[in-house]
Amino acid sequence: MKIAGLAFVLGLGLSALTPIEAYSQATNQMTIEKMRFNILKIDKAIDSTKEKIKNLNDAQFLPDLYLSLGEFYVQKSKFKYALKIAENPDQEIKELDFTFEKRIKLDAIATYDLVIDKFPKFSDRDKAIFFKAHEQRELGMTEEMILTYFQLTKEYPESEYWLEAQIIVGDYYFEEQQKVELALEVYKRILKKPLSAFTPLAHYKIGWCYINMQKFLEALQSFEKVLLEFKKIDYNELPENLRKTDVRADALKALVWPYSEVDFKKVKPGPLRRKFPVLYFKALSPNKEAYLQALKKLGRRLTIKNNWINATQVYFEILRQATDLKARMDLIPRLYVAMKNSVRDWPVQGFVEEIVKTMPMVMYSSELNKNEKKKAFYDYEIYARDVATRQDQRARRVKTAEELDWAIRDYKAYLSVFKYKKQFYQKLLGNLADVLFLAERNVDAGRYFEKVAKFSASSKEKTEYLQSGLESYINALKDPDNLSEIELTEARYGLRSTGARFVKLNKAHPAVPNIIYAIGQSYYDERDFKKSTRYLKYYINRFPGDKNVTTAVNLILDSFNQIEDYKKIVKEGKAFLANKNLKDGNLKSQVSEIVQQAEMKVIQRESGDTSSASYASNLLKMASKYKGSTLGDKALYEAFLAFKAKKDPQAYDVGTELALKHKNSKYALQVITEMGQMALSSADFKRAAVFFELFYERYPGKSERIELMKSAAQMRELMGDYKIAAQDYAKLKDYTAVARMDYLGRYWTSLVRSSNRARGIWRDYWQGVATLRMKGLRAAKAYLAKHGIRVRQ
């Protein structure tokens with residue numbers, strides 16, 4: 001089926017002006033007087049040329065003069081046409097009588113015939129033939145014109161006018177005769193010639209032939225060649241009448257028709273991304289203007305074809321480029337309808353931003369009335385809300401960073417303009433907070449959860465949003481290195497303000513302990529230790545069994561450590577150790593160690609340099625200052641260690657004081673042991689024995705006490721201190737050794753008692769010795785004989 005004749009005219013891009021209208025436009029800047037003057041000048045030129053022809057002596061110049069005469073007739077005809085139109089401005093052109101003006105053109109044709117017939121060897125004879133055909137065309141002598149062009153192409157295949165003649169003949173068959181196949185054959189002849197500016201023009205016209213033959217793929221390929229293969233062609237080489245339009249821009253627009261008809265699923269893919277209309281047309285476009293014009297045409301064409309998916313992409317691209325308000329107001333509903341009709345659950349990413357960008361233009365437009373503005377605002381709110389919600393749904397489904405970012409952008413764009421839509425504003429505000437949370441943009445999420453909580457009417461809903469905000473801020477503060485200074489500050493202040501509101505609203509909520517702890521920690525991170533300690537101590541005392549208590553205790557102690565207030569560490573640490581509600585043994589063990597370290601820091605700070613001569617004496621002064629406290633004990637112990645390190649005998653005095661006067665000190669055990677070892681090392685056995693005996697008495701639960709007491713007893717025995725040695729052995733329940741000590745010490749009365757508990761033969765022997773010493777030999781003999789012991793005289 002052929003396409004209607006109008007399509008041929010539009011398709012080829014030919015001027016719809018008649019020659020008369022063209023003459024009028026060409027001279028419309030001239031005054032009537034100027035045109036009359038030009039006609040007079042041409043008449044003089046005509047008369048002069050005729051006179052030269054009549055009087056010419058050299059015949060070789062005669063054809064040139066006739067050719068010039070023909071051109072003068074053509075010029076005169078143009079001015080005559082234009083003058084008549086100018087002199088009759090109130091009449092339509094078709095009502096004017098141009099008989100005389102046509103006669104001048106006939107004179108031109110007759111002159112060209114004369115050149116053609118009489119001068120067959122004239123070098124410009126092809127030019128005369130071409131000019132003759134041109135005038136025949138303007139007079140509507142189409143059959144004669146075709147015969148003249150045939151004469152030219154037959155007789156002068158290499159003529160510079162040959163290609164233009166083919167174009168004109170092809171247009172005649174295509175437009176006038178509607179013989180598409182014949183026109184296609186004529187245009188293809190041009191392609192056989194060397195590359196020129198006519199080559200892409202021929203491809204363009206061939207493309208329209210294929211359209212009329214319903215060979216859309218071939219048409220598409222032909223137009224693509226115009227746009228891709230001839231970028232270096234200089235179109236200024238074309239005759240002026242063919243340079244009035246941009247062939248490449250026309251080809252791009254013409255491409256729309258076959259593009260909408262080709263099923264690319266059935267076409268072998270090539271280098272061009274044909275399935276993607278925006279990318280495809282952008283790649284082919286010679287300039288931005290042609291690109292947008294083609295897209296506008298394509299959008300309408302795709303809509304007609306119900307190709308809503310591609311239409312959506314095309315309309316959005318045009319909208320992005322459009323700056324005119326009316327154009328944007330036309331495109332926005334077209335785009336929305338295309339998107340809805342695509343029957344796909346997809347958003348148009350960036351559509352909301354384009355709508356929002358249009359709103360100020362609508363608001364401040366002087367061309368729109370109040371009702372038009374109101375309707376635009378009403379429609380645009382629906383469009384923007386729908387697109388933003390679609391993007392949100394998609395983002396939650398695929399959960400990629402890019403999709404979440406688009407949802408955030410869409411919601412922010414919507415909320416920046418449609419604040420007055422209160423019934424939707426709160427809902428979308430909450431949605432934005434949710435998406436920010438999913439995107440792990442926690443500081444922003446917390447801020448928006450706070451905002452939406454203010455709009456919440458019910459306490460339950462308010463609680464949920466505040467809790468979400470708190471969770472966002474807490475998550476943000478878990479990784480502070482990824483936050484800017486502003487974000488870090490905002491997260492901390494947001495946590496505190498939101499936490500305070502939440503706790504005030506829900507004092508018994510299970511999340512309260514964690515909130516109070518998080519607030520305290522935020523102050524700690526900010527190095528506001530005073531507030532941090534207050535919150536964390538309140539948290540510990542109020543919720544001693546909570547999961548973060550151990551961390552809270554350590555944060556408090558570390559706060560004082562960072563400002564080097566070791567006395568505070570000792571004070572607070574002891575308070576924690578005394579807190580019966582703190583059941584965690586490991587925690588108290590940690591605190592105890594921290595307190596010890598802090599006490600040592602206090603001692604070191606107040607006692608000066610350990611290498612100084614006064615270090616140990618300073619420690620003694622400190623021990624006296626803090627007498628009766630663990631800090632005093634620690635100072636006394638450090639003094640002992642200092643004297644010991646210098647092998648100063650004063651170490652015994654300090655150690656003895658610690659062991660005797662501070663017997664409940666945890667350092668007493670260590671000091672006693674070390675003094676015993678010191679005494680042994682220096683062969684001071686008596687002193688060593690004293691310390692070992694003290695250890696035995698003081699620490700009944702220690703396993704090593706027995707061995708130390710044995711050593712003490714043995715040292716006493718060796719030193720001849722038999723009475724104390726007997727006491728030591730008695731404590732060890734070694735009664736045989738006790739009796740031996742009485743014997744060696746000649747404590748006969750005691751030996752009488754102690755020998756009774758001795759073991760083996762020693763019992764009777766020492767009993768006999770004791771009897772001998774106390775009652776004489778006779779009594780001793782009698783006692784010994786009684787026990788079967790014979791005494792020799």
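The distance from the OG1 atom of Thr99 to the CD1 atom of Ile104 is 11.5 Å, given to the nearest 0.5 Å. Arg390 CZ to Asp410 CG: the interatomic distance, rounded to the nearest 0.5 Å, is 12.0 Å. Interatomic distance, Lys205 NZ to Leu184 CG, rounded to the nearest 0.5 Å: 13.0 Å. Once rounded to the nearest 0.5 Å, the distance linking CD1 of Ile93 with CD1 of Ile85 reads 4.0 Å. Note that the OG1 atom of Thr49 and the CG atom of Leu67 stand 11.0 Å from one another [nearest 0.5 Å]. In this structure, OG1 on Thr312 lies 13.5 Å from CD on Glu317, to the nearest 0.5 angstrom.
The aromatic rings of Trp257 and Trp208 sit perpendicular, their planes meeting at an angle over 60°, well past the 30° parallel limit. Between Tyr81 and Phe98, the ring-plane angle classifies as tilted under the 30° and 60° cut-offs. Relative orientation of the Tyr161 and Phe130 rings is parallel, given thresholds of 30° and 60° on the angle between their planes. Below 30°, between 30° and 60°, or above 60°: for Phe119 and Tyr66 the angle between ring planes is between 30° and 60°, a tilted geometry. A tilted orientation is assigned to the rings of Tyr383 and Tyr380, their planes being inclined by 30° to 60°.
The local environment of NZ in Lys215 is sparse, with at most 12 non-hydrogen atoms from other residues, nucleotides or ligands closer than 6.0 Å. For Gln60, the CD atom sits in a packed shell: over 12 heavy atoms of surrounding residues, nucleotides or ligands are nearer than 6.0 Å. The number of heavy atoms from other shown groups lying within 6.0 Å of CD (Glu289) does not exceed 12. Around CD of Glu143, the count of heavy atoms belonging to other residues, nucleotides or ligands within 6.0 Å does not exceed 12. Within a 6.0 Å sphere centred on NZ of Lys296, heavy atoms belonging to other residues, nucleotides or ligands number 12 at most.
Using modelled atom types, no side-chain atom of Ser77 and backbone atom of Tyr73 make a donor-acceptor pair closer than 3.5 Å. Side chain of Ser222 to main chain of Glu218: no donor-acceptor pair is present (N/O by atom type, distance under 3.5 Å, no hydrogens or angles). Put simply, the side chain of Tyr187 gets close to the backbone of Asp171: a donor and an acceptor are under 3.5 Å apart. With hydrogens and angles ignored, the 3.5 Å screen pairs no side-chain donor or acceptor of Thr199 with any backbone N or O of Leu195. Remark: the backbone N or O of Lys127 is not paired with any side-chain donor or acceptor of Asp124 at under 3.5 angstrom. Side chain of Tyr291 to backbone of Pro286: no donor-acceptor contact under 3.5 angstrom is found. Ser285 contributes no side-chain N or O that, together with a main-chain N or O of Lys288, makes up a donor-acceptor pair within less than 3.5 Å. In this structure a side-chain-to-backbone donor-acceptor pair under 3.5 Å is present from Arg328 to Ala322. The main-chain N or O of Phe198 is found under 3.5 Å from a side-chain atom of Ser196 such that the two form a donor-acceptor pair. Side chain of Arg301 to backbone of Ser260: no donor-acceptor contact under 3.5 angstrom is found.
The shortest side-chain heavy-atom distance between Glu224 and Arg274 falls under the 4.5 Å cut-off. A heavy-atom distance below 4.5 Å is not found between the side chains of Met363 and Lys373. Side-chain contact between Asn341 and Asn306 is absent, with no heavy atoms from C-beta onward closer than 4.5 Å. Side-chain atoms of Asp126 and Glu155, non-hydrogen and from C-beta on, never get closer than 4.5 Å to each other. Residues Phe37 and Ile32 are not in side-chain contact: their nearest non-hydrogen atoms beyond the backbone lie 4.5 Å or more apart. No side-chain heavy atom of Asn310 sits less than 4.5 Å from a side-chain heavy atom of Lys305.
With Glu138 as the fixed residue, the salt bridge (charged side-chain N to carboxylate O under 4.0 Å, His left out) test singles out one of Lys102, Lys132, Lys105: Lys105. For the side-chain contact (heavy atoms from CB on, under 4.5 Å) test with Val314, the passing option among Ile309, Val256, Leu331, Leu298 is Leu298; the others fail.
One finds a salt bridge joining Glu87 and Arg36 here, because a Lys/Arg side-chain nitrogen approaches an Asp/Glu carboxylate oxygen to under 4.0 Å. For the pair Lys44 and Glu51, the salt-bridge criterion is not met [side-chain N within less than 4.0 Å of a carboxylate O]. Note on Glu353 versus Lys357: no salt bridge recorded, every NZ/NE/NH1/NH2 to OD/OE distance being 4.0 Å or above. Ion pairing between a basic and an acidic side chain is recognised when a charged N comes within 4.0 Å of a carboxylate O; Asp379 and Lys375 show such pairing. Between Lys78 and Glu101, none of the side-chain N atoms (NZ, or NE/NH1/NH2) sits under 4.0 Å from a carboxylate O, so this pair counts as no salt bridge. No salt bridge links Asp107 with Arg103; every basic N to acidic carboxylate O contact stays at or beyond 4.0 Å.
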Passes side chain to side chain contact (heavy atoms under 4.5 Å, CB included), Val387 versus Met339? Steps please. CA-CA 9 Å; Val387 176; Met339 183 190 76; 3.8 Å; yes
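Of all heavy-atom pairs between Gly207 and Ala219, the closest is O-CB, 3.4 Å. Between Leu284 and Arg248 the shortest heavy-atom distance is O-NH2, 4.5 Å. The two residues Ala254 and Ile211 have their closest heavy-atom pair at O-CD1, 4.1 Å. When all heavy atoms are compared, the tightest approach of Ala128 to Val115 is CB-CG1, 4.0 Å.
Inspection of the Tyr156 and Arg125 side chains reveals an N or O donor paired with an N or O acceptor under 3.5 Å. Judged by distance alone, the side chains of Asp246 and Tyr235 never bring a donor and an acceptor atom under 3.5 Å apart. Side chain to side chain, Asn236 and Asp234 meet the donor-acceptor criterion of an N or O pair below 3.5 Å. For the residue pair Thr148 and Gln136, a side-chain donor N or O sits within less than 3.5 Å of a side-chain acceptor on the partner.
Separation of the Phe216 and Tyr259 ring centroids does not fall under the 6.0 Å cut-off. Residues Phe418 and Tyr414 place their aromatic rings such that the two centres sit under 6.0 Å apart.
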